[in-house]
Amino acid sequence: MTTTTPSAVGQPLDRVDGRAKVTGHARYSAEIPVPDMAYAYVVGSRIAAGRVADIDASAAQAEEGVLTVLTHRNLPRIAEQPPLIPSLAGTAAPGQTFFPMQDDTVHYAGQQVAIVVADTWERAQHAARLVRVSYEETAPVTTLDQGRDGTYVPQRIFGGWIPGRLERGDVESGLVEADVLVEGTFTYAANHHNPIEPACTTAQWEGDELLLYDTTQGVNATQMTVSRLLGLPMSKIRVMGHYVGGSFGCKAMIHAHSALAAMAAREVGRPVKLVLTREQMFTSVGHREEQEQHLTLGAKRDGRLTAIRHHKLSPTSHFDDWAEPSIGVSSEIYACPDYEGVYRLFRANTMTPTFMRAPGEASGMFALECSLDELAHELGIDPIELRLRNHTDVDAMSGRPWSSSGLRECYERGARRFGWSGRDPRPGTRREGDWLIGTGMATACYPVAPPANPQRARARLYADGTAVVQAATPDFGTGVATVMTQVAADGLGMGVDRCRFENGDTDLPNIAAAVGSAGAGMISAAVHAAATALREQLVKRAVGDPRSPLHGADPVDVVVRDGVMTAGTASDAYADLLQRNFQPDAEASGQWSPPAGDVPYGMMTFGAQFAEVAVDAELGLVRVRRMTGAFAPGRVLNAKTARSQLMGGMLWGLGQALLEANHTDPGTGRWANSSLGEYLVAVNADAPDVDVELIEIEDAIVNPLGVKGVGEIGQVGAAAAIANAVHHATGRRVRKLPITIEDLL
């Protein structure tokens, strides 16, 4: 194989889409101009349980500009219930559907019960208020206390991927063997994603072919799902989504609005745009469920764990066994012979929850790491030392060695940067005026989960020496277009300024939805494969070309740099090769097939989080003053975008710890907060100094470039580090999220 002299991967290059975004030239799905556009407005159910008794749409239908009002009475039936809506694996009986407006049943508040389509958005919104819906209401079940008596242990959760019960050893014996027990119940408010861009789909029919502009983490996932819902061949559906204004998981599963827009457009015979309102974002695209976790640790006096018991209780929808996998990490990352993890669910009047940044790990590590901090305090052992005494070089659940770790280095370098060694472990000993000062730490980890299917990309080099590499993946704010340009440049042996990455279109080679921090690894593998295949093709062409200075050279001896192939003193440029042969371009495809499910390694990304807080002793106010995170994400494709992702995750962890909460009214089953005026998120005034340390660890197992991803792990452990710092400042142990003033007064 030929070689290149890589110079782009790892560099902190500016985003290639930065100028388009800051100047407003970037077009998001709701901003694509389509001639003769109509606008859809969703009417959501005011009740959480029961049925629609009657709908009177006559007043709305009579309004000027209204084209149609769709309800369960006249909306076409779906062809098939696909596996991606509303979750990956529904549990309905044959023939039962979860798609809205197929019958009169109301499963949850905000469920779509009507859609008004008009010639302007304002007219559609106005007419929607004139739709009169009457209900036969039944008592809803939405809160933990309401559902506690009707719980069950599911066979599998999280789209059918994860068992409902995890066990090894004998946890009862391990707890009896322990010298010290730490036990606590941790409660969590529900969380909502709230990306800046709400979910939107614009649907346009040309005969029997459908074009969708969709806000999605996976255009191919939208294509497959809508294909099955409408009974339309995938070859007849094109989905585009070049720019996506944030997701954090709510645009990972394919929710109903994408197909509803298509159905409305077919009904009125013109393009239809459907944009969810901010309030509808709280009821239409999933959320992180309210939950309760009970965790028990058993340990010897020297801190070695003998047993971990981790149980979780949470609500799921009437048609799914969904729980974010909060207990998975506690079964894997520490050496402990006896473990028991159990998920308990109850059927609730809610839509199926969904992925939300660090789904499971962000909540599960809060319980585990706060409990370990409590154990360290009980035993008089430094929290980092306690974790090192339970460190494992293998996945504790499977016994397989980690493909790579770096966790020890994260502890060491994070502690050094944070200044951990000077810490007085006694709670409440440091004070600055009215402020009690505390520091805390926690382990961060996130599983590396390659996709199940092959990933593809295409590379094309033009005779002027420029290149385009293509893959279907959207960019939802992570900087994928930038880092894939860097990967392509190094794979081809060219400068970044001569390469361009095209994405966000199902007409391009398929890429799975970029979820679970898998995007960077799987897309870079496909792009690297395509670029390498094209480079090999061109070198082979050159050494076989009698007119090339490289004619007769061994391809193994050829090195490519800046688009020039060199062997010894002879060289030939890509552009010269193509022009000499009157060839306008050359093209190659590349494919990466992920490791098989039985790969003999555990795969995990590791890190360590540190936080310093100040707590007002009189008012109970908590201010996070600084945060440090040290992470080992394998190979770093772009230091700038990676740090940005990690910093964003850490700040979201701050919001999780102190701000973000939603609750349902037990009487109505409706969310109490459904706007950014009431649902609190961290803003600039809340943001402390954030220090991010990147520790590159070689990993030859996860994918060709050894990339693990950074999208999720920045949040994992952040809330626990803050909660542990609050305890260090005040001596008070808080086992709920978010931590509020009332918890500290």
Side-chain angles (χ1 to χ4, degrees), residues 4-18 217 403-404 406 446 448-451 455-457 459 467-504 511-512 514-532 535 590 592 594 603-607 629-649 692-714:
T4 64
T5 53
S7 60
V9 167
Q11 296 302 310
L13 299 187
D14 292 340
R15 293 176 65 119
V16 298
D17 55 357
Q217 287 181 235
S403 62
S404 65
Y446 191 80
V448 178
Q455 308 299 302
R456 297 170 48 242
V468 172
V469 179
Q470 301 169 318
T473 182
D475 187 335
F476 45 95
T478 59
V480 67
T482 305
V483 296
M484 295 310 144
T485 301
Q486 293 173 257
V487 171
D490 278 359
L492 288 166
M494 298 174 59
V496 172
D497 60 332
R498 306 289 286 172
C499 291
R500 180 164 51 89
F501 182 66
E502 291 184 348
N503 62 296
I511 290 286
V515 300
S517 291
M522 67 183 186
I523 303 165
S524 68
V527 167
H528 175 73
T532 301
R535 184 185 79 219
W592 173 65
M603 294 186 284
M604 187 81 73
T605 305
F606 292 101
F631 305 96
R635 190 175 186 185
V636 176
L637 296 177
N638 182 311
K640 182 179 290 187
T641 58
R643 281 195 171 88
S644 178
Q645 282 287 291
L646 291 164
M647 184 182 296
V692 176
E693 171 84 345
L694 291 168
I695 300 168
E696 290 206 53
I697 301 292
E698 184 176 351
D699 193 317
I701 304 300
V702 291
N703 48 58
L705 297 183
V707 179
K708 291 185 174 184
V710 294
E712 325 272 352
I713 193 171

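Computed from a predicted model, the values in this text were never measured in an experiment.
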* To do: Spell out, as yes or no, whether a donor-acceptor pair under 3.5 Å connects the side chain of D475 to the backbone of V480.
  => yes
* Check for a donor-acceptor pair, side chain of E696 on one end and backbone N or O of V636 on the other, with a separation under 3.5 Å. => yes
So do [Y] and [X] actually touch side chain to side chain, heavy atoms under 4.5 Å?
X: R643; Y: L694; result: yes
X: F631; Y: I695; result: no
X: I713; Y: P633; result: no
X: D490; Y: S7; result: yes
X: M522; Y: I511; result: yes
X: R15; Y: T641; result: yes
X: M484; Y: V469; result: no
X: R456; Y: V527; result: no

Which atoms form the tightest heavy-atom contact between [X] and [Y], and what is the distance?
X: A8; Y: Q486; result: O-NE2, 2.8 Å
X: Q645; Y: G477; result: NE2-O, 4.0 Å
X: C499; Y: A489; result: SG-CA, 3.7 Å
X: V487; Y: S524; result: CG1-O, 3.8 Å

Rounded to the nearest 0.5 Å, what separation is found between the [atom1] atom of [X] and the [atom2] atom of [Y]?
X: L492; Y: H528; atom1: CG; atom2: NE2; result: 10.5 Å
X: M604; Y: S404; atom1: CE; atom2: OG; result: 11.0 Å
X: T482; Y: Q11; atom1: OG1; atom2: CD; result: 14.0 Å

* Residues K640 and D14 bridged, charged N to O under 4.0 Å -> yes
* Verify whether one side chain among T473 and N503 offers a donor that lies under 3.5 Å from an acceptor in the other. => no
